[in-house]
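We name chains A, B, ... by the order of the sequence lines, and we start the count at 1 in each one.
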Amino acid sequence: MSVEATGDGWRGVAAEEQDHLSDRVSLLLRTRSRRLLGDLLRPHRRGMALLVAIIVLSSAAGLAIPYLVAVGIDDGIPPMLRGGGPGTLFVIVAAVVAAALTQALTRQAFLRLSGRIGQDILLELRRRVFDHFQRLSLSFHEKYTSGRVISRLTSDVEAIAELLASGLDGLVTAVLTLVGTAAMLLLLDAHLAVVALLPLPLLLLFTRWFRRGSSVTYRRTRETVALVIVHFVESMTGIRAVQAFRREPRNQEIFERLNQDYRDANMRGMRLVAVFMPGVKLIGNVTVAAVLLYGGWLALHDAVTVGVLAAFLLYLRQFYEPMQEISQFYNTLQSASAALEKLSGVLEEEPAVAEPRHPAALPYAKGAVRFEAVEFAYPDGPPIIPALDLELPAGQTMAVVGTTGAGKTTLAKLISRFYDPVDGRVLLDGVDLRDLDEAALRRSVVMVTQENFLFSGTIAENIRFGRPDATDEEVVAAARAIGAHAFVAALPDGYDTQVGKRGGRMSAGQRQLVAFARAFLADPAVLILDEATSSLDVPSERLVQRALRTILADRTAVIIAHRLSTVEIADRVLVMEGGRVVEDGPPQRLIAGAGRFARLHRAWVESLA
Amino acid sequence: MWAAAVLGIAAAILTPLVGKEIIDGPVAHGDQDALLPLGLLALALGVAEALLTFLRRWSQAAPVLGLETAIRDDLYRHLQRLPMRFHDEWQSGQLLSRATTDLSTIRRFLGFGVLFLVMNVLQLTTVTVVLLRMYWPLGLLVAGSAIPVIILSNRFEKRYIRISRQVQDEQGDLATFVEESALGVRTIKAFGRRRHVAATYDGLAGKVYRTSLEKVRLSSRFFTFLEVVPNVTLAMVLLLGALAVGGGWLTLGTLVAFTTLVLQLVWPVTSLGYILAMGQEAMTSADRVVEVLDTVPEIDGGAQVVAEPRGHLRFEGVGFRFPGAERPVLRDVWLEVEPGETIAIVGATGSGKTTLTALVPRLVDVTAGRVTVDGHDVRDLSLPSLRSVVATAFEEATLFSMSVRENLTLGRGDATDEEIRAALEIAQATFAYDLPWGLDTRIGEQGMSLSGGQRQRLALARAVLGRPRILVLDDTLSALDVETEALVEEALRAVLADATGLVVAHRASTVLLADRVALLQDGTITHVGRHADLLAEVPEYRALLAQDADLDQEEALR
Ligand SMILES: Nc1ncnc2c1ncn2[C@@H]1O[C@H](COP(=O)(O)OP(=O)(O)OP(=O)(O)O)[C@@H](O)[C@H]1O
Ligand SMILES: Nc1ncnc2c1ncn2[C@@H]1O[C@H](COP(=O)(O)OP(=O)(O)OP(=O)(O)O)[C@@H](O)[C@H]1O
Ligand SMILES: [Mg+2]
Ligand SMILES: [Mg+2]
């Protein structure tokens, strides 16, 4: 799909993988990045102005030193030679020292202030992007992958950090020198000055060429490094399977190819700079030589004085020297722009599951859930739930069973608003979920997902994730309630045991228990358990079930389970098949019948033999 | 590259001399004929300088980038060899920051810093030598000004190394947290903990912020100092020089030349700060990279290969203790699995079943006793050989955001379509053919665009693909509904008929796949026998597997 094909193809992160963009799109992207940069800089307008003032002072002091030395030699020494005192000399030396100190102090102030502003901006950028990623919906994360998230928040942010660290300093100094010198040149000799400034348009054209080339190249760099990161992160995350299935050689091959692409992109970037920077130098040097010749000729014909020519040449060097700095700045700017483009793209993504503008009030949820003609399909996928009407009264415990892939988890995800239905609505206590703000919704509905993710940290911290303000006693009580206390207490560090990254130091069943305790502590009106006991041994599962009887007594619950023992505690069973409800009723009645559930139940009883 | 650099700088120094020559020569003497050659010389020098700079930049790109790329490849290769134990401890964010940020820091220093450092030092020494020869007392003064610079640089270096290491580590932590919160985004959303997580992130980012500021302050002090020294030296030179001129020990012309040269020292000294800082950062980065590269892969293959694997598996007095743990997870485990036999491992949650199975393909190594395959200690076998004999379906599916086909074949790129179909049929995973792009459908990170049962069946298909001699199934039917489970079991029976099987099970239905059952209790195997016998004779076993067991009895067992 080309970016052109769809009108909005460049929006958000859509343009990320495009190598070549049309002028229109790249203009749009550039404006978007500029806007973000402006946004970030705006709060620091005063600081930046101050910086410029400081740097003017600093440069003035810096430039004064050679001048003062010259004065010292011209005016300070002759009186001494004539037998006078060294008075003037002392004054001038003192002035040099004063200038040096002024320069040093202003320089330090500058470095600190610019450092602070730079770090402030980075912090703000990090916060913004991180928060936005967390705001974006699951459908976004499924496509984007964690590796990309990481690469945006690390390597892209670093590209901008580099601009902030070195950019401003060089740029301001360079521009100041440039403007000052140009003025001097014009003052000295307008005629020569015109010759000296003649190549400026050429310089602009050259810069334009560089911008075009580098914006493509640096985009490519950002993209290739992201791919390296994605592959790296994913193979480290799944290293167990990589090693067990001897994937290493193939992975190495892929990694080296991606790494090579990254190298090539970097190479192209470095070579562009290798042409650009000396190119600028060439223009400068040729100009100097031309002025030398022309000026020499003029001087020979007494059109200028020798003194003017000498001064002119000195200043001219000063004019083209900072060009290097400016082109260096321009280079970092281009690289940062590529990063800004990616980041602004992320920030532009709208969460598919958006927060309501005017949230409905729901201070206390009773927990009645209703599906009204709900239709659902994953983005770009076939319909999963064709049309579903369902009423789940507050306080009811409903078990959902069905073959794998039937859409049970999907149903649960709709209740917890991980996704919005394509059509129809899901209501909690009569309020459309889309009208509830996040806090209210999450307070009321909590889901224990099939993949119970633990964060690195202690067991207590993980359980407390369910309710950050819970006391230690409450954490222990939650673990006790679902039968996790026994195993935790048996650990040498008890609740302070580190679970390791992604809970790797816990066994699968232990992870499940911790995840369960976490949900229980959250104490929601609607609790959704998606195969929350699948990895437990039978006694632990039984314990959990017994606990569930009390836990679920006063709340709405949706329990998805393949072990039908769990179903026994349910008031109602929903049998799903291909996204549809094929049976619905109290378990006893369904078992007694001759339908799907009766068959399932028989098979299950037999499997227990 | 170095030649180009040196020549380039020489050209840069010569150009102003030509200018002087023109003004002093042709212009002053009205010698029009000499103007053109000199002017052309200036032009040639200018062009040469640009060309040489170009050559230097152009030619250094390849070696510098080549080095970075090679180290990154090595790092990745090494990481893939490092055992699970390493990966359990190291967050991938930390590893990643080494593979990206640190390596580019090194690249930048090599591509830019080293050259400038050498050039600066070269320029500093030559100018100082010239100064010493011009008028040694003042020259000594200038040379002496190097002393405080060196002392302070040393002190600065120590602190800067510490602080830049701290920043780098903190950035690694930040990356780790980003990774975790991206992987755990479902959980975060399920609990609506966006703000809580953002606050934690803020804390970490704040740390980076504060340390970076400290770094800025430290370097700003040092940089400023570096700027003061040459300027103050200049003032001293002027003062003492003037006095010397007054005293008649020095000519005015020499003093002028002298001060001009000292002025030339200011920039190299000042920029030394940046370059040293850059170098320090590159050093700490290199340290961080080497730290990983120097970790010895403790699980390294032996030389033997099993030529014709039969799948005879033995655990001989096996013990295992996690590093730093007080109690061993496994102790004195004896178990023999005959070729073609299937053994079920039954044990309570957290009893060490997964750990036991991980010993066979050497994802972890025993800490006591040994595991043998066809009589070879697994530690004597080459890893590819061992791991082609053993295939595991893990309790977590562990899928990648690649196509279904790639996920299935992983290390076996040569698997045929028939083999794939056979494996998918055994695992009842033929749904894969109905995905939008069939086997070429990408299944999202960790297979997240599949249902839980679909993920598990793919992982199972992956394990049975190519009919390994030893098949390890770690509770791999837990996410399947009863009917699918029965179908999978039926198909697995045929596979397990001639493969050696190690099946971890929590349910009686799965246990029935096995010929015998081993009961794992308190880290060791207490009973081995047929399911029916154990059920009848061992109360602990009954408690673990029988659905109707008395709850109070279980309580007593915990
Ligand atoms: N994020 C997703 N993107 C696209 N398709 C998906 C996604 N998640 C699930 N599906 C598809 O939707 C269908 C229903 O999945 P769902 O997870 O609801 O099944 P399930 O009933 O929970 O199954 P299981 O018992 O295996 O967990 C499956 O065919 C699955 O492949
Ligand atoms: N990396 C680790 N470091 C320290 N202890 C660990 C580590 N991994 C697992 N453990 C501990 O070792 C014990 C055995 O874990 P293992 O995963 O083998 O259990 P399991 O029998 O497979 O349990 P389950 O049925 O829940 O999967 C557990 O108590 C667990 O806490
Ligand atoms: Mg599911
Ligand atoms: Mg396990």
Backbone N or O of [Y] within a donor-acceptor pair of the [X] side chain at under 3.5 Å?
X: B:Arg193; Y: A:Gly466; result: yes
X: B:Glu180; Y: A:Ser456; result: yes
X: B:Arg387; Y: A:Arg246; result: no
X: A:Arg107; Y: B:Glu227; result: no

Is there a donor-acceptor contact under 3.5 Å linking the side chains of [X] and [Y]?
X: A:Asp131; Y: B:Tyr201; answer: no
X: B:Gln80; Y: A:Gln243; answer: no
X: A:Thr403; Y: B:Glu483; answer: no
X: B:Tyr76; Y: A:Ser235; answer: yes
X: B:Gln171; Y: A:Thr154; answer: no
X: A:Ser535; Y: B:Glu395; answer: no
X: B:Thr349; Y: A:Gln510; answer: no

Apply the side-chain contact (heavy atoms from CB on, under 4.5 Å) test between B:Glu179 and each candidate in A:Val149, A:Thr237, A:Leu153; give the one that qualifies.
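Looking at A:Val149, A:Thr237, A:Leu153, the match for B:Glu179 under the side-chain contact (heavy atoms from CB on, under 4.5 Å) is A:Thr237.
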
Heavy-atom closest pair, residues [X] and [Y]:
X: B:His506; Y: A:Val538; value: O-CG2, 3.5 Å
X: A:Leu89; Y: B:Ala242; value: CD2-CB, 3.1 Å
X: B:Ala42; Y: A:Leu292; value: CB-CD2, 3.6 Å
X: B:Arg507; Y: A:Glu541; value: NH1-OE1, 2.8 Å
X: B:Arg186; Y: A:Phe418; value: O-CZ, 3.6 Å
X: B:Leu544; Y: A:Asp537; value: CD2-OD2, 3.9 Å

For each of [options], tally heavy-atom pairs with chain B at distances under 4.5 Å, and name the one with the top tally.
options: A:Ser146, A:Gly115, A:Ala100; result: A:Ser146
options: A:Leu101, A:Val96, A:Ile239, A:Leu282; result: A:Ile239
options: A:Leu122, A:Val275, A:Thr409, A:Val97; result: A:Val275
options: A:Ala274, A:Ser137, A:Ala522, A:Ser507; result: A:Ala274

[X], [atom1] atom: more than 12 neighbouring heavy atoms under 6.0 Å:
X: B:Met236; atom1: CE; result: no
X: A:Arg271; atom1: CZ; result: yes
X: B:Arg327; atom1: CZ; result: no

Decide, yes or no, whether a salt bridge links [X] with [Y] under the criterion of side-chain N to carboxylate O below 4.0 Å.
X: B:Asp88; Y: A:Lys501; result: no
X: B:Arg194; Y: A:Glu438; result: yes
X: A:Arg263; Y: B:Glu68; result: no
X: B:Glu445; Y: A:Lys143; result: no
X: B:Arg77; Y: A:Glu256; result: yes

Please tell me if the side chains of [X] and [Y] come closer than 4.5 Å, counting only heavy atoms from C-beta onward.
X: A:Leu138; Y: B:Val185; answer: yes
X: B:Ser181; Y: A:Phe130; answer: yes
X: A:Phe232; Y: B:Leu79; answer: yes
X: A:Met447; Y: B:Lys189; answer: no
X: B:Thr53; Y: A:Met277; answer: no
X: B:Leu213; Y: A:Arg112; answer: no
X: A:His562; Y: B:Val482; answer: no

Relative to chain B, which segment of [X] carries a heavy atom at a distance below 4.5 Å: side chain, backbone, both, or neither?
X: A:Gln103; answer: side chain
X: A:Ala99; answer: neither
X: A:Asn251; answer: both
X: A:Asp380; answer: neither
X: A:Val273; answer: both
X: A:Met506; answer: neither
X: A:Arg443; answer: neither
X: A:Gln119; answer: both
X: A:Ile229; answer: both
X: A:Ser416; answer: neither
X: A:Phe465; answer: both
X: A:Gln108; answer: both

May I ask you to name which of B:Pro361, B:Gly444, B:Gly350 has the most heavy-atom pairs under 4.5 Å with chain A?
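Sorted descending by pairs with chain A, the first entry is B:Gly350.
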
Identify which of B:Thr354, B:Thr100, B:Val197 forms the greatest number of heavy-atom pairs closer than 4.5 Å to chain A.
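Looking at each option in turn, the highest pair count goes to B:Val197.
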
Please test B:Met448 against A:His141 for side-chain contact (heavy atoms from CB on, under 4.5 Å), starting from the C-alpha separation and ending with a verdict.
CA-CA 10 Å; B:Met448 281 305 171; A:His141 282 277; over 6 Å; no

[atom1]-[atom2] distance between [X] and [Y], expressed to the nearest 0.5 angstrom:
X: B:Arg412; Y: A:Arg250; atom1: CZ; atom2: CZ; answer: 14.5 Å
X: B:Leu243; Y: A:Phe90; atom1: CG; atom2: CZ; answer: 6.0 Å
X: B:Gln454; Y: A:Thr404; atom1: CD; atom2: OG1; answer: 5.5 Å

Can you check salt bridge (charged side-chain N to carboxylate O under 4.0 Å, His left out) on B:Glu89 and A:Arg505, steps first, answer last?
CA-CA 10 Å; B:Glu89 276 165 28; A:Arg505 286 197 200 153; 5.6 Å; no

Could you tell me which portion of B:Leu95 (side chain, backbone, both or neither) has an atom closer than 4.5 angstrom to a non-hydrogen atom of chain A?
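Both backbone and side chain of B:Leu95 come within 4.5 Å of chain A.
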
Do B:Arg462's NZ or CZ and the ring of A:Phe245 fall within the cation-pi criteria of under 6.0 Å and 45°?
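Yes.
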
Is the charged tip of A:Arg240 near the ring of B:Phe394: under 6.0 Å from the six-membered ring centre and within 45° of its axis?
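Yes, cation above the ring, under 6.0 Å and within 45°.
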
